[in-house]
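Please read the structure below before turning to the comments.
Since the structure is predicted, the reported quantities are computational estimates derived from the model, not experimental observations.
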Amino acid sequence: MRMKSMRNERLSPKRERVLRALSGRTDHPTAEDLYRSLAAQGEEISLATVYRALGALAEEGLVAELRLGGPARYDPEVKPHHHFECRSCSRVYD
């Protein structure tokens, strides 16, 4: 069973893996963070695929894309809420 649908279509397996990797995370990872996490789990997926998947998921409103000054970060929580980026360590907090 697929997690969510995109325009009434099923998620591709790779997009679903990226969405699952982001699900439940509160650290607002970058695409590279998610790629490293997936690779560490033994997933065979390219960094370019992770970028494309995140772009498509954000476009569909299934994840939130955050542009705070550095590389884009992603949040599984799509309800509007505020974010804070630490100037010292660059961590992002809700």
Side-chain angles (χ1 to χ4, degrees):
M1 182 167 87
R2 302 286 180 191
M3 290 179 66
K4 295 183 180 180
S5 63
M6 295 177 64
R7 294 186 189 160
N8 299 319
E9 296 178 17
R10 293 178 182 250
L11 287 175
S12 72
K14 291 189 181 196
R15 287 182 183 170
E16 186 173 352
R17 280 183 251 166
V18 171
L19 186 58
R20 284 184 193 272
L22 183 60
S23 180
R25 291 186 66 161
T26 59
D27 61 338
H28 307 88
T30 64
E32 290 186 13
D33 293 334
L34 284 172
Y35 167 73
R36 284 192 294 272
S37 175
L38 287 162
Q41 296 170 17
E43 293 286 344
E44 292 188 22
I45 191 168
S46 71
L47 179 57
T49 299
V50 172
Y51 272 105
R52 283 192 301 274
L54 287 168
L57 293 167
E59 187 175 299
E60 291 295 323
L62 298 176
V63 301
E65 181 181 64
L66 310 175
R67 296 280 180 173
L68 302 171
R73 294 177 171 274
Y74 297 88
D75 191 343
E77 180 56 61
V78 295
K79 293 179 188 172
H81 60 284
H82 296 284
H83 293 93
F84 168 78
E85 182 177 23
C86 178
R87 290 184 198 173
S88 298
C89 68
S90 298
R91 282 192 63 190
V92 176
Y93 302 90
D94 286 334

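Listed here is the closest heavy atom pair of Gly24 and Pro76: N-CG, 4.1 Å. Closest of all the heavy-atom pairs between Ile45 and Tyr35 is O-CE1, 3.1 Å. When every heavy atom of Ala21 is checked against every heavy atom of Leu38, the shortest pair comes out as CB-CD2, 3.7 Å. Contact between Val78 and Ala64 at its shortest, heavy atoms only, is CG1-N, 3.8 Å. Contact record, His28 with Arg73: O-NH1, 2.9 Å, taken as the closest heavy-atom pair.
In summary, of the residues considered (Arg17, Arg36, Arg20), a salt bridge (Lys or Arg N to Asp or Glu O under 4.0 Å) with Glu43 occurs for Arg17 alone. None of Leu11, Leu34, Leu54 except one satisfies the side chain to side chain contact (heavy atoms under 4.5 Å, CB included) rule with Leu19; the exception is Leu11.
We find the CD-OH distance between Glu32 and Tyr51 to be 4.5 Å, quoted to the nearest 0.5 Å. Distance check: Asp27 CG to Asp75 CG gives 9.5 Å after rounding to the nearest 0.5 Å. Between the CD atom of Glu60 and the CZ atom of Arg15 there is a distance of 8.0 Å, given to the nearest 0.5 Å. Rounding to the nearest 0.5 Å gives a distance of 8.0 Å between CD of Glu44 and NZ of Lys14. Here the straight-line distance linking atom CD of Glu77 with atom CZ of Arg25 works out to 16.0 Å at 0.5 Å rounding.
Residue Gln41 places its CD atom among more than 12 non-hydrogen atoms of other residues, nucleotides or ligands, all under 6.0 Å distant.
Contact check for Thr49 versus Arg52: side-chain heavy atoms found under the 4.5 Å cut-off. Between Ser12 and Glu16, the closest side-chain pair of non-hydrogen atoms is not below 4.5 Å. Annotation: side chain of Arg67 is in contact with side chain of Glu65 (closest heavy-atom distance under 4.5 Å).
Follow the hydrophobic side-chain contacts under 4.5 Å out from Leu47 and you reach Leu57 in the same cluster.
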